[in-house]
Amino acid sequence: MRGNLYIVSAPSGSGKTTLLQHLLRNFKELKFSVSYTTRQARGHEQNGVDYYFTDRTAFQSMADRGEFLEWAQFNGNLYGTGRDFVEDHLDSGRDVILDIDVQGARQVKSKVNDATSIFILPPSFAELSRRLKARMLESDDVVKRRLEIAKEEIVFYRDYDYIIINDILESSILLLESIVRSGTAVPRR
Ligand code: 5GP
């Protein structure tokens, strides 16, 4: 049997990374697809763990060779999902989870009919702003731009199969786990 494909999208600062870390710790059989990106590594990010950090030329060559299941430009940088990793794992019956933006989610949904998509929302815009500033990993300009992008992205929550409002972390973890545990791939509308 083919594995299930899960897509998680969220504006940055919505707590998605923490939620995914909990999920992956508790679901050992769930494989996280490490994306390729042209953006610079942040904080303690590691190549091959958080992302495969690459340059634009190498990224573009991969895109030209059709090596991405999807790719998109986000905030001036390119991000892409390795096609072989996802297909090989699904074919061998393993579940895969993607952390990708709304543009990527739309591309994947159009290619993988039974992918299950989950959108994580912050409880409010003010809280999102507070979390991004508290992270202190980026300049004020980048944070401002991320907030603008978040406003644009949030509109797309309706396209997703599930929405989690990440107010209380413990509740959100349980919700996310129950979606994955149910293993129900929601048919495409
Ligand atoms: P960040 O720079 O904060 O790590 O990620 C910025 C955005 O890019 C997030 O919305 C994240 O989900 C998205 N992203 C990460 N990897 C991929 C990918 O492979 N494809 C697409 N389309 N978006 C990605």
Side-chain angles (χ1 to χ4, degrees), residues 5-21 23-24 31-56 58-63 65-90 96-112 115-122 125 128-129 131-157 159-160 162-164 166 172 176:
L5 182 60
Y6 299 95
I7 305 166
V8 176
S9 301
S12 49
S14 56
K16 175 188 58 182
T17 308
T18 310
L19 279 173
L20 285 178
Q21 280 167 353
L23 182 72
L24 290 162
K31 297 294 166 202
F32 178 71
S33 161
V34 178
S35 293
Y36 294 78
T37 185
T38 62
R39 97 151 153 69
Q40 297 288 308
R42 250 186 348 232
H44 295 294
E45 284 179 336
Q46 279 178 274
N47 189 36
V49 177
D50 302 283
Y51 282 106
Y52 294 110
F53 295 99
T54 180
D55 60 35
R56 269 187 115 86
F59 190 101
Q60 199 56 59
S61 307
M62 286 184 73
R65 290 195 298 266
E67 292 176 19
F68 292 126
L69 176 63
E70 62 70 38
W71 66 272
Q73 176 150 324
F74 181 97
N75 203 12
N77 295 304
L78 303 173
Y79 295 81
T81 302
R83 178 189 296 279
D84 283 354
F85 178 89
V86 175
E87 293 297 343
D88 292 351
H89 279 81
L90 293 180
V96 176
I97 190 155
L98 311 179
D99 166 356
I100 59 178
D101 81 328
V102 294
Q103 308 167 74
R106 187 179 292 158
Q107 293 175 51
V108 174
K109 269 288 204 178
S110 72
K111 290 178 185 163
V112 184
T116 301
S117 59
I118 304 152
F119 197 84
I120 297 165
L121 279 169
F125 198 72
L128 182 67
S129 172
R131 287 181 192 174
L132 276 180
K133 285 177 185 152
R135 200 157 77 171
M136 288 194 306
L137 286 174
E138 291 164 321
S139 67
D140 286 354
D141 276 359
V142 175
V143 168
K144 201 166 152 243
R145 180 75 193 116
R146 282 187 182 275
L147 286 170
E148 282 164 13
I149 295 172
K151 271 188 186 155
E152 291 162 16
E153 283 189 316
I154 282 169
V155 175
F156 291 95
Y157 77 88
D159 296 342
Y160 285 72
Y162 294 96
I163 295 153
I164 295 176
N166 186 19
S172 304
L176 185 56

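Atoms within each ligand, like the ligands themselves, are counted from 1 in listed order.
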Taking 4.0 angstrom as the limit and counting only heavy atoms of [X], give me the atoms of ligand 1 inside it, by number and element.
{"X": "R39", "value": "1 (P), 2 (O), 4 (O)"}
{"X": "G104", "value": "22 (N)"}
{"X": "A72", "value": "22 (N)"}
{"X": "K16", "value": "9 (C), 10 (O), 11 (C), 12 (O)"}

Find the distance between [atom1] ([X]) and [atom2] ([Y]) and round it off to the nearest 0.5 Å.
{"X": "R42", "Y": "F53", "atom1": "CZ", "atom2": "CZ", "value": "8.5 Å"}
{"X": "R131", "Y": "S12", "atom1": "CZ", "atom2": "OG", "value": "11.5 Å"}
{"X": "L128", "Y": "L121", "atom1": "CG", "atom2": "CG", "value": "9.5 Å"}

Between [X] and ligand 1, does any nitrogen or oxygen pair lie at a separation below 3.5 Å?
{"X": "W71", "answer": "no"}
{"X": "S12", "answer": "no"}
{"X": "E45", "answer": "no"}
{"X": "E153", "answer": "no"}
{"X": "Y36", "answer": "no"}
{"X": "G80", "answer": "yes"}

Checklist entry - Passes salt bridge (Lys or Arg N to Asp or Glu O under 4.0 Å), R39 versus E45? Steps please. => result CA-CA 11 Å; R39 97 151 153 69; E45 284 179 336; 2.8 Å; yes
Next on the checklist: Is the shortest side-chain heavy-atom distance between I120 and S172 below 4.5 Å?
Outcome noted: no
Checklist entry - Y51 versus Q46: any side-chain heavy-atom pair under 4.5 Å? => result no
Is it the side chain, the backbone, both or neither of [X] that has a heavy atom closer than 4.0 Å to ligand 1?
{"X": "Q73", "result": "neither"}
{"X": "E70", "result": "side chain"}
{"X": "Q107", "result": "neither"}
{"X": "Y79", "result": "both"}

Item to check | E153 (side chain) donor-acceptor with D101 (main chain) under 3.5 angstrom | outcome: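 No; judged by distance alone, with no hydrogens or angles, the pair does not exist.
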Next on the checklist: For the backbone of L78 and the side chain of T37, can you confirm whether one donor and one acceptor N or O come within less than 3.5 Å of each other?
Outcome noted: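 Such a contact is found between T37 side chain and L78 backbone.
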Give me the nearest non-hydrogen protein atom to [atom] as residue plus atom name, then the distance to 0.1 Å.
{"atom": "atom 3 (O) of ligand 1", "value": "R146 NH1, 3.1 Å"}
{"atom": "atom 19 (O) of ligand 1", "value": "S35 OG, 2.7 Å"}
{"atom": "atom 4 (O) of ligand 1", "value": "Y51 OH, 2.5 Å"}
{"atom": "atom 23 (N) of ligand 1", "value": "D101 N, 3.1 Å"}
{"atom": "atom 12 (O) of ligand 1", "value": "D99 OD1, 2.6 Å"}

Item to check | Check: Y36 ring centre within less than 6.0 Å of F68 ring centre | outcome: yes
Checklist outcome for this item: Which of V112, T81, D88, L90 passes side-chain contact (heavy atoms from CB on, under 4.5 Å) with V96? Answer is L90
Checklist outcome for this item: Given the options V86, L5, I7, L69, S33 meets side-chain contact (heavy atoms from CB on, under 4.5 Å) only with V86
Next on the checklist: Does this structure show an ion pair linking E148 with R145, if we count only N-O contacts that are shorter than 4.0 Å?
Outcome noted: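 Looking at E148 and R145, the cut-off is met.
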Checklist entry - Considering F68, Y52, F74, which one's heavy-atom position lies nearest to atom 6 (C) of ligand 1? => result F74
